[in-house]
Amino acid sequence: MNALKIRRTAVAVAAAAVLPFTLAACSDSGDTKSAPPAAGDQAKTGESTPADDAMTGDKPFGAACAGVPKEGAGSFDGMAKDPVATAASNNTALSTLVAAVKQAGLVDTLNNAKDITVFAPTNDAFAKIPKADLDKVLADKEQLTKILTYHVVGQKLTPQQLENGSFETLQKGMVTTSGSGEAYKVNDTSNVVCGNVKTANANVYIVDTVLMPK
């Protein structure tokens, strides 16, 4: 009888020792229901991330965009309301380009075009050309028209299309584009310094070097 009592007592003690660990394990198992969702599950929540926003391609980008006024006709919102030649005339960084467009008689052509892309050289881009050469081009309407229409593509191009692209221009020549994110080049020589600027009829990519037809 004494041996039986000792055996029952040992079993009871063992059960008492094991029970807290069993309850703790059950409690830990229940907590997994409130754990943060896995990375793959976050997409199901519908919440956007900065990376997602960057891929939308809706916003202007580039260092030179900081110089665009926040308000008025020359702002991004203001330019979006006007056709491209008019919009450019409200941006002081494009005054040389605007003067050249007027000299070539292309204001109406650009303003009336539908769904185009313009690679717009800045004043500094024109300043890279020796003054004697620039004056000569500005005085030659036929040559000036060829150069300016070489900067225009007959479709609206998104940043994604510029990553590795080749496009026919209104001048009938071809321009090539490359890059990613917020860094793009045209013809491997001209950098986009403010891209994806919207006007009423065009997407504009402001560039730091004048493109020359080949």
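The structure presented is a predicted model; accordingly, all values stated were derived computationally and were not measured.
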key: Contacts of A93 that satisfy side chain to side chain contact (heavy atoms under 4.5 Å, CB included) - sequence neighbours left out   = N91
Disulfide bond (SG atoms under 2.5 Å apart): pairs with one or both residues in residues 91-143, sequence neighbours excluded = none
inquiry  = Could you work out, with side chain to side chain contact (heavy atoms under 4.5 Å, CB included) as the rule, every residue matching T189, not counting sequence neighbours?
reply    = N187
request  = Could you note down all residue pairs passing side chain to side chain donor-acceptor pair (under 3.5 Å) where residues 128-144 supplies at least one of them, sequence neighbours left out?
outcome  = K128-T209, K131-D135
request  = Could you tell me which residues satisfy ring pair (Phe, Tyr, Trp, His ring centres under 6.0 Å) with F61, sequence neighbours excluded, listed by chain and number?
outcome  = Y184
ask   = How would you list all residue pairs meeting salt bridge (charged side-chain N to carboxylate O under 4.0 Å, His left out) that involve residues 172-189, not counting sequence neighbours?
value = none
ask   = What pairs meet the salt bridge (charged side-chain N to carboxylate O under 4.0 Å, His left out) rule with one or both residues in residues 93-119, with sequence neighbours excluded?
value = D115-K156
inquiry  = According to side-chain hydrogen bond (donor to acceptor under 3.5 Å, both in side chains), who are the partners of D208, at least two apart in sequence or on a separate chain?
reply    = N191
message = Under the disulfide bond (SG atoms under 2.5 Å apart) definition, can you give me all pairs with a residue in residues 172-214, not counting sequence neighbours?
response = C65-C194
inquiry  = Can you list everything that forms a side-chain hydrogen bond (donor to acceptor under 3.5 Å, both in side chains) with S178? Sequence neighbours excluded, please.
reply    = none
task = Could you name each residue pair satisfying disulfide bond (SG atoms under 2.5 Å apart) that touches residues 76-144, not counting sequence neighbours?
result = none
query = Which residue pairs pass the salt bridge (charged side-chain N to carboxylate O under 4.0 Å, His left out) test when at least one of the two sits in residues 60-81, sequence neighbours left out?
reply = none
